[in-house]
Amino acid sequence: MRTRWRARHVLAHQNGGHALLRDGEVVWEDDVIVHVGRDYDGPVDADLDLGDSLVMPGLIDLDALTDIDHLVLDSWQAPGHGRGLQWSRDYFDHRRHDVFTPEERRTVREFALAQLALHGITTYMPIASEVHSSWAEPYDELVAMAETSRRIGLRGYLGPAYRSGVNVALPDGSRDVAFDEERGRAGLADAVRFLDHLDRLADPLLTGVLLPCRIETLTADLLRETAAVARGRDVLVRLHALQGTLERELVERLHGVTPIRLIEDTGLFGTRLLIPHTMLVDRHPSVHGEDRGDLDRLARAGVSVVHCPLTSLRYGSVLHSFGAYRDAGVNLCLGTDSFPPDLVRGMDTGVHLAKLVDERFDAAPAEHYVEAATLGGARALGRADLGRLEPGAQADLVAFDLADIRDGVQDDPVRTFLLSGTARQATHSVVAGRPVLVDRALPGVDLPALRNRAQHLFDKMRAAYPERDFLRRDADTLFPPTFPHFRIQA
């Protein structure tokens, strides 16, 4: 089947980079782009004029929330209060359990994947919280999520998350990691079993990856075994690391080395490694405040940094800096990591945070962030056929409506869109040439019903926090309202 989209603005690919095409066309046959330009001379089976829209490569989210967001609960807490949102040691030892049933988890995943699609994301690598699970992510849950992803039509890089331990709050309020090493080994075995499952499915939209959890929750042995499997199977690894000072303190206490040294010593630098956040390198003010070679080590190892600017800002962190990482040759790609999965807001946030860090307006221009959300993600995945609109590339596209008067006047369509718009302006998307988002809706998905079910499950998740709190405070104490509730006078 041959399909054509026409739009006022097309972010095409030319001479190795993106190029703006006004009044352009993109034509694809089945799953491959065959024409980008104007005046296509040939028959098409479907023709869509998108008017005053920006058509661009589908957005690639490599730390994509596939959960009900907990940031709304834990991103504003005072330090003493926030410790109650971790597992208590008593909960770890005696009472840990799954908050959601498998069927409820399936709803959570459907809700999250629908959100990704509605925000113009076409390729994702998932991240979910383990705080409301009995341990990490079971094999069967990822099998079910793969089926949901296939039904919606997204391109997914999937694997069950696994860990050897969990962050806990001790009775005195201090933090530690409690270990159950057998669960960690079983989790890696399930991750390998899931790789085999996707191999049997042979769906080109689903690729198996290894997704160990946060570095401080993994033993050195499990990290080494992960590296060995990654090399043997030639699969990507994503490891959350270099995130903050508590992680650094825990890793140094447990292993006697810094996180970046632990990654190197366990062989993960010899894999196709993605590291979300990656903020606490030597040049960060809370470490040394100067470049002592960490960025060069990451670049030489071929590490891709998954930058999540909006979520980082909400937790009070910032990259030091986007321009420095890019100049060092580190491949930068993007993730959302929380709700909303809006890479447009994330890119805009990143542009302006970089101005503050580097104290110059051009520290990280809009085009560098757009490249990270497309070409950088494709490089991290080893996919030269993603993240670009040119003949021979996969037909993964998204269209954003630019016609709303509330967006104001327009200069450059990309720069103006990042300043004035959001990813909620996505109207259409295709993945491998197949429609996913159609007129702002997802065919076959009852969005109002899904929203109601998700709200019920969020309420259930919120109500479960007190049983894990080391002080056993109730939910209303842990999560007070912004303002007192209005009282009706008798």
Side-chain angles (χ1 to χ4, degrees), residues 1 3-11 24-26 28 45-61 64-66 68-69 107-124 148-156 205 310 334 336 338-348 370 373-374 389 394-408 410 413-414 416-455:
M1 180 174 176
T3 304
R4 174 170 61 185
W5 277 7
R6 291 173 287 157
R8 178 70 55 83
H9 305 285
V10 174
L11 190 62
E25 303 174 342
V26 182
W28 64 91
D45 301 293
D47 198 356
L48 181 61
D49 186 346
L50 292 161
D52 194 2
S53 293
L54 170 64
V55 170
M56 62 183 293
L59 300 177
I60 299 174
D61 184 349
L65 183 73
T66 52
I68 294 180
D69 193 26
T107 295
V108 166
R109 300 293 196 175
E110 182 182 11
F111 174 76
L113 293 180
Q115 294 287 355
L116 297 179
L118 289 167
H119 286 82
I121 290 162
T122 57
T123 296
Y124 73 99
T148 302
S149 186
R150 296 176 82 189
R151 175 164 52 83
I152 292 175
L154 295 173
R155 190 183 298 276
L205 294 187
L310 185 58
L334 295 186
T336 50
S338 65
F339 187 86
D342 189 331
L343 280 177
V344 176
R345 289 180 66 185
M347 287 186 275
D348 184 48
V370 173
T374 52
L389 301 184
Q394 280 284 291
D396 289 16
L397 304 83
V398 60
F400 294 100
D401 178 18
L402 304 184
D404 195 315
I405 191 172
R406 288 168 292 188
D407 292 331
Q410 185 183 102
V414 171
T416 305
F417 177 44
L418 261 61
L419 281 168
S420 303
T422 78
R424 293 186 183 191
Q425 291 162 236
T427 61
H428 296 76
S429 69
V430 295
V431 177
R434 288 176 280 180
V436 173
L437 183 64
V438 180
D439 290 325
R440 304 178 190 264
L442 302 177
V445 179
D446 185 341
L447 294 175
L450 184 58
R451 179 181 182 274
N452 289 337
R453 285 187 287 151
Q455 182 64 50

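One is the number of the first residue; the rest follow in order along the sequence.
In terms of heavy atoms, Val438 sits closest to His428 at CA-CD2, 4.1 Å. When all heavy atoms are compared, the tightest approach of Gly58 to Thr374 is O-CG2, 4.4 Å. When all heavy atoms are compared, the tightest approach of Thr66 to Ala112 is CA-CB, 3.3 Å. Listed here is the closest heavy atom pair of His119 and Ala426: C-CB, 4.3 Å. Nearest heavy atoms, Gln410 versus Leu402: NE2-CD1, 3.6 Å. In plain terms, the two heavy atoms of Pro57 and Val398 that are nearest each other are O-CG1, 3.7 Å.
Side chains of Leu334 and Asp61 form no contact here, defined as non-hydrogen atoms less than 4.5 Å apart. Taking 4.5 Å as the limit, some side-chain heavy atom of Val436 sits within range of a side-chain heavy atom of Leu154. Taking the side chain as every heavy atom from C-beta outward, Ile121 and Pro341 approach each other to under 4.5 Å. By the 4.5 Å heavy-atom criterion applied to side chains, Asp342 and Thr336 are not counted as neighbours.
Between the CD atom of Glu25 and the CG atom of Leu389 there is a distance of 13.5 Å, given to the nearest 0.5 Å. Taken from CG in Asp348 to CG in Leu310, the straight-line distance is 9.5 Å, to the nearest 0.5 Å. Atom-to-atom distance recorded for Leu397:CG and Ser429:OG is 9.0 Å, nearest 0.5 angstrom. Note that CD1 of Ile68 is 8.5 Å distant from CD of Gln455, once rounded to the nearest 0.5 Å. Atom CZ in Arg4 sits 4.0 Å away from atom CG in Asp47 (nearest 0.5 Å). Put simply, OH on Tyr124 and CG on Leu59 are 15.5 Å apart, with the number rounded to the nearest 0.5 Å.
Residues Thr422 and Arg345 bring no donor and acceptor atom of their side chains to less than 3.5 Å of each other.
Remark: side-chain polar atoms of Asp396 are not paired, donor with acceptor, to backbone N or O of Val431 under 3.5 angstrom. In this structure a side-chain-to-backbone donor-acceptor pair under 3.5 Å is present from Gln425 to Asp401. A donor-acceptor pair under 3.5 Å links the side-chain atoms of Trp28 to the main chain of Gly433, judged by distance alone. Between the side chain of Ser53 and the backbone N or O of Val55, no donor-acceptor pair lies under 3.5 Å.
Using a 30° and 60° split on the angle between ring planes, Phe417 and Phe400 fall in the tilted class, from 30° to 60°.
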Begin with the C-alpha distance, continue with both residues' side-chain angles, and end with the deciding distance and a verdict on side chain to side chain contact (heavy atoms under 4.5 Å, CB included) for Gln394 and Arg155. CA-CA 11 Å; Gln394 280 284 291; Arg155 190 183 298 276; 2.9 Å; yes
In sequence, state the C-alpha distance, the side-chain angles, and the governing distance for Val414 and His9, and then conclude on side chain to side chain contact (heavy atoms under 4.5 Å, CB included). CA-CA 9 Å; Val414 171; His9 305 285; over 6 Å; no
Would you please test Ser420 and Asp407 for side-chain hydrogen bond (donor to acceptor under 3.5 Å, both in side chains) and show each step? CA-CA 5 Å; Ser420 303; Asp407 292 331; 5.8 Å; no
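Sorted by first then second residue, the salt bridge (Lys or Arg N to Asp or Glu O under 4.0 Å) pairs that include residues 110-124, not counting sequence neighbours, are Glu110-Arg151, Glu110-Arg453.
By the neighbour-count criterion of 12 heavy atoms within 6.0 Å, atom CZ of Arg451 is sparsely surrounded, having that number or fewer from other residues, nucleotides or ligands.
Put simply, the residue from Leu450, Leu118, Leu113 that forms a side-chain contact (heavy atoms from CB on, under 4.5 Å) with Val445 is Leu450.
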